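Heads up: the structure comes next, in structure tokens.
Below, chains carry the letters A, B, ... as their sequence lines are ordered, and counting in each starts from 1. As the structure is a computational prediction, the values presented were derived from the model and not from experiment.
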Protein chains: 2
Amino acid sequence: MLKVSKLSDYATVLMVRLAAEPQRVQSAAELAEAARLEPPTVAKVLKLLATAGLVDSFRGAAGGYRLALPVAQISIVQIIEAIEGPIGMTECSRREGQCSHESHCDVRAPWQRISGAVVQSLSQIRLADMLAETPARPPPSDIAIQIHA
Amino acid sequence: MLKVSKLSDYATVLMVRLAAEPQRVQSAAELAEAARLEPPTVAKVLKLLATAGLVDSFRGAAGGYRLALPVAQISIVQIIEAIEGPIGMTECSRREGQCSHESHCDVRAPWQRISGAVVQSLSQIRLADMLAETPARPPPSDIAIQIHA
DNA sequence: GCTAATCAGTACAATACCGGTCCTGATTGA
DNA sequence: TCAATCAGGACCGGTATTGTACTGATTAGC
């Protein structure tokens, strides 16, 4: 149904929580309680975000996580790709040799263009935008997406 | 990884084949051979497309399928939704009551807006666009996509 | 140092979904 | 009537996702 995984969804929730207090280090357990998610799941998501460089992790007592970048510089597409890997609408959109039909496929080029369009539209939405919307504030403007090259 | 299902991919392939000869009725077996897909799979996809009203089906001997609409009026999003159901980036983007976190979720409104943006971008790409791109079988353009493991 | 808190990494079970197949019945042209 | 073809299910195996558990490494504070 063309949806992101639950883990990606959780990741955005956690990122919004971190963004609410950008300079404070919050532990995984603390974030889990605030978001009402299972601690092990939260730990897994945060680890992926840390690997992608979106959050900084601090070990040891009083350790935890903190945003690694300003909220205006983190886009949705970075969060999704941190959790799920590179976005591609079809297998062949991401790398070659994954599809046995590649040599006689009529729709590969269009799909690659479509993937690019989706990525572009997602990259325009930043963490700051989500944060601004969260207090049930009415979404001010629609997001205009240009597709045709 | 935010991708469409293989069945949706197949659906676009079949739609492009049908679009190449819009007035001719082509049987499922014929389309399967042309697209080098398994006949039962093709039959399943065509049935879904027929249910969605994107193709007309004709039973009996010399029966088969034909586009139900002009190529300029069929968008990618219609094809995807015919196969996978309504598009929504998260469960709660499509209908309520699907997520136990709904009452205390911070990111529901943003996700709904994001889903809308993706749908809008996909709706701008029509079958005619895909068809126009296909004859130009892209020579080995090096679309190297970096995978961060 | 010692201890407790916390992250890092791996492994693993349960579940759900997807892809693919098959079967039976209904419809239609020859 | 007969053969070709679609319609509508049921069905199964494989894989990804989800969630959990365990062990080890690192750090702050006493």
Measure [atom1]/[X] against [atom2]/[N] and give the value in whole Å, please.
| X | N | atom1 | atom2 | value |
| --- | --- | --- | --- | --- |
| B:Lys6 | D:dG14 | NZ | C1' | 11 Å |
| A:Ile83 | D:dT18 | CD1 | P | 10 Å |
| B:Arg66 | D:dT5 | CZ | P | 17 Å |
| B:Asp9 | C:dG20 | CG | P | 11 Å |
| A:Leu7 | D:dA16 | CG | C1' | 12 Å |
| A:Asp56 | C:dT6 | CG | C1' | 16 Å |
| A:Ile80 | D:dT17 | CD1 | C1' | 16 Å |
| A:Lys44 | D:dT18 | NZ | P | 8 Å |

Would you mind classifying the nucleic acid contact of B:Ala28 as base, sugar-phosphate or nothing, using non-hydrogen atoms under 4.0 angstrom?
sugar-phosphate
Just checking A:Leu46: base, sugar-phosphate only, or nothing, at a heavy-atom cut-off of under 4.0 Å?
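It contacts nothing in the nucleic acid.
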Taking side-chain hydrogen bond (donor to acceptor under 3.5 Å, both in side chains) as the test, write out the residues that go with A:Ser115, two or more places apart.
A:Ser93
Which pairs with one or both residues in residues 6-16 of chain B pass side-chain hydrogen bond (donor to acceptor under 3.5 Å, both in side chains), sequence neighbours excluded?
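Pairs touching residues 6-16 of chain B that pass the test: A:Trp111-B:Asp9, A:Trp111-B:Thr12, B:Ser5-B:Ser8, B:Ser8-B:Glu84.
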Nucleotides 22-30 of chain C: protein proximity per nucleotide (B base, S sugar-phosphate only, - neither; heavy atom, under 4.0 Å)
---BBBBS-
Taking side chain as C-beta onward, heavy atoms only, is A:His101 less than 4.5 Å from B:Leu37?
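Counting from C-beta outward, A:His101 and B:Leu37 do come under 4.5 Å.
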With sequence neighbours excluded, residues passing side chain to side chain contact (heavy atoms under 4.5 Å, CB included) with B:Gln26
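Scan of B:Gln26 (side chain to side chain contact (heavy atoms under 4.5 Å, CB included), adjacent residues dropped) gives B:Leu18, B:Glu21, B:Arg24, B:Glu30, B:Leu31.
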Closer than 4.0 Å, any side-chain N/O of A:Ser57 to the OP1 or OP2 of C:dT6?
no
Any side-chain N or O of B:Tyr10 less than 4.0 Å from the OP1 or OP2 oxygen of C:dG20?
yes
Which residue lies more 5' along DNA chain D, comparing B:Thr51 with A:Val4 via nearest heavy atoms
B:Thr51
Residues at least two apart in sequence or cross-chain that pass salt bridge (charged side-chain N to carboxylate O under 4.0 Å, His left out) with B:Arg17, listed by chain then number, are A:Asp106
Closest to the B:Ser5 side chain: C:dA8, C:dT21, C:dG19?
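Ranking C:dA8, C:dT21, C:dG19 by closest atom to the B:Ser5 side chain puts C:dG19 first.
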Which residue pairs satisfy the salt bridge (Lys or Arg N to Asp or Glu O under 4.0 Å) criterion with at least one member in residues 48-73 of chain B, sequence neighbours excluded?
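Passing the test, one end in residues 48-73 of chain B: no pairs.
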So CG of A:Leu122 and OG of B:Ser121: to nearest 0.5 Å the spacing works out to 8.0 Å
